[in-house]
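For reference, the structure is listed below as structure tokens.
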Amino acid sequence: DLVSLLKKAGCKEVKSLPFYSQESVNEWIDNGALPLKRQLAIKKLYYDAPASFKKIHQLNFTADDIIDTMKIAIVCGYKK
């Protein structure tokens, strides 16, 4: 937990702000580093994922892509 780590490090007024980013699965798996077989396996994991995962990630399946809503935490604090 980043908030706890900053507090333990002596930071004051630690805040955590959520940021949601909609990411194309195609864009992050089709980068030349993964063979097509591995890319298809990743997509299959998304299609076969439990309903709870699909709901948490607010997945959107399009004709040729999967959009995954990823939560990113922006955590800040200050130290005297």
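- Here the straight-line distance linking atom NZ of K43 with atom CD1 of I29 works out to 5.0 Å at 0.5 Å rounding.
- No side-chain heavy atom of T69 sits less than 4.5 Å from a side-chain heavy atom of H57.
- Taken from CG in L59 to CD1 in I67, the straight-line distance is 9.5 Å, to the nearest 0.5 Å.
- Partners of Y47 by ring pair (Phe, Tyr, Trp, His ring centres under 6.0 Å), not counting sequence neighbours, listed by chain and number: F61.
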Validation: residues 2-23 side-chain donor-acceptor distances under 3.5 Å, sequence neighbours left out:
from, atom 1, to, atom 2, distance (Å)
S4, OG, D1, OD2, 3.3
S21, OG, E23, OE2, 2.2

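- Formation of a donor-acceptor pair under 3.5 Å by the N60 side chain with backbone atoms of D68 is not found in this model.
- Residues V25 and F53 share a single hydrophobic cluster, defined by chaining ILVMFWY side chains whose heavy atoms lie under 4.5 Å apart.
- We find the OH-NZ distance between Y46 and K54 to be 12.0 Å, quoted to the nearest 0.5 Å.
- To the nearest 0.5 Å, atom CG of residue L40 and atom NZ of residue K37 are 10.0 Å apart.
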